[in-house]
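Have a look at the structure below, then the notes.
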Amino acid sequence: MNLQHIPQIKYTDSGNFFLLAGPCAIEGEEMAMRIAEKLVGITDNLQIPLVFKGSFKKANRSRIDSFSGIGDEKALKILRKVSETFKVPTVTDIHTNEDADMAAQYVDVLQIPAFLVRQTDLVVAAANTGKVVNLKKGQFMSPESMKHAVQKVLDCNNENVMVTDRGTMFGYQDMIVDFRGIPTMQQYATTVLDVTHSLQQPNQTAGVTGGRPDMIETIAKAGIAVGVDGIFIETHFDPANAKSDGANMLHLDNFESLMTKLVAIRKTINTF
């Protein structure tokens, strides 16, 4: 996939990895704009191509009383405002066929969640919008099996597809990243490493997913070192009180330092 097919994306000739980053969920306009402003400033300074990320709703929750969103159209309008205000592309995940057409009116990239990536009708609905499609690798799937998910998009005459590794189940309550999968999936499509979701600790007895944010820098550095095309990171200025996935998000205050390190690693890798 040519990154330049993503509307408004910048710095595609910088030699850097590209970045999908933002909060797990859109909790409101003020928080989204605050996070976006910070991310745009950092990525402009470091010349990192940025796609702002935010879920307009969270359909996959451990408990029925978990936060699921502020309203579909309200959240999607906030994503569009972020894009128009900061001149950056946006990505959100979809969960139903109807979501595809609705979300495509507001964002530039449609993301298929890991648990749903084998759902052919959903993948086809996303592909048929003509938008860039980001396919999350199922926690239960091998890197090799993602070839078939990619082919579904290509068979819809949409070549704008990428895949994202978000870790593989390791027992019942932990995730592990198999870095061998990155070059494997790069044979099929542009490949992203979802750093923060790879550090989830799902299926906790309390019904709230845990995480290992202390390992974010380690996993991100390793991904850049093996040559991943893009990095996916969820971030928030107050992870402890975030309404979704706070346990494995990067604090916004630590974002610039990490990106600076990753850019330096990429610069070195590019010399080989």
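Looking at T235, its side chain does come within 3.5 Å of a backbone N or O of L250 through a donor-acceptor pair. Checked by atom type and distance alone, the side chain of T96 never pairs as donor or acceptor with a backbone atom of I94 at under 3.5 Å. With hydrogens and angles ignored, the 3.5 Å screen pairs no side-chain donor or acceptor of T191 with any backbone N or O of D229. N16 places a side-chain N or O within donor-acceptor distance of the main-chain N or O of L46, the cut-off being under 3.5 Å. Formation of a donor-acceptor pair under 3.5 Å by the K147 side chain with backbone atoms of Q151 is not found in this model. Without hydrogens or angle criteria, T129 side chain to D101 main chain gives no donor-acceptor distance under 3.5 Å. Under a 3.5 Å cut-off, the side chain of T164 and the backbone N or O of D194 do not form any donor-acceptor pair. Within the 3.5 Å criterion, the main-chain N or O of L79 finds no donor-acceptor partner in the side chain of S83.
Across every non-hydrogen atom of R212 and D214, the tightest pair is NH2-OD2, 2.7 Å. Counting all heavy atoms, side chain and backbone alike, I265 lies closest to K221 at CD1-CG, 3.6 Å.
Contacts of K131 classified as salt bridge (charged side-chain N to carboxylate O under 4.0 Å, His left out), with partners at least two apart in sequence or in another chain: none. The side chain to side chain donor-acceptor pair (under 3.5 Å) test applied to D72 returns no partner, not counting sequence neighbours. The ring pair (Phe, Tyr, Trp, His ring centres under 6.0 Å) test applied to H236 returns no partner, not counting sequence neighbours.
In this structure, K81 forms no cation-pi arrangement with F86, as its terminal cationic atom is not both closer than 6.0 Å to the ring centre and no more than 45° off the ring axis.
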Practice task
Check step by step if side-chain contact (heavy atoms from CB on, under 4.5 Å) holds for K137 and T168.
Solution key: CA-CA 9 Å; K137 183 184 80 65; T168 301; 3.2 Å; yes
Handout entry: Trace of the side-chain contact (heavy atoms from CB on, under 4.5 Å) decision for V91 with V107
Key = CA-CA 6 Å; V91 55; V107 302; over 6 Å; no
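Pairs engaging residues 2-58 under the ring pair (Phe, Tyr, Trp, His ring centres under 6.0 Å) rule: none recorded [sequence neighbours left out].
Atom CZ of F170 has 12 or fewer neighbouring heavy atoms from other residues, nucleotides or ligands inside a 6.0 Å radius. Annotation for E256: atom CD does not count as buried by contact number, only 12 or fewer foreign heavy atoms lying within 6.0 Å.
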I'd like a table of donor-acceptor pairs (distance under 3.5 Å, sequence neighbours excluded) in which one partner is a side-chain atom from residues 108-125, with atom names and distances.
| residue | atom | partner | partner atom | Å |
| --- | --- | --- | --- | --- |
| D108 | OD2 | T90 | N | 3.0 |
| Q111 | OE1 | N134 | ND2 | 3.0 |
| T120 | OG1 | K152 | NZ | 2.8 |

What pairs of donor and acceptor atoms, side-chain ones from residues 30-39 against any protein atom, are under 3.5 angstrom apart with sequence neighbours left out?
none

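A donor and an acceptor atom, one from each side chain of Q4 and T12, are located under 3.5 Å apart. Looking at S257 and N254, their side chains never bring a donor and an acceptor atom within 3.5 Å of each other. D93 and S55 share a donor-acceptor pair across their side chains, judged by distance under 3.5 Å alone.
If you take NZ on K136 and CZ on R166, they are separated by 6.0 Å, rounding to the nearest 0.5 Å.
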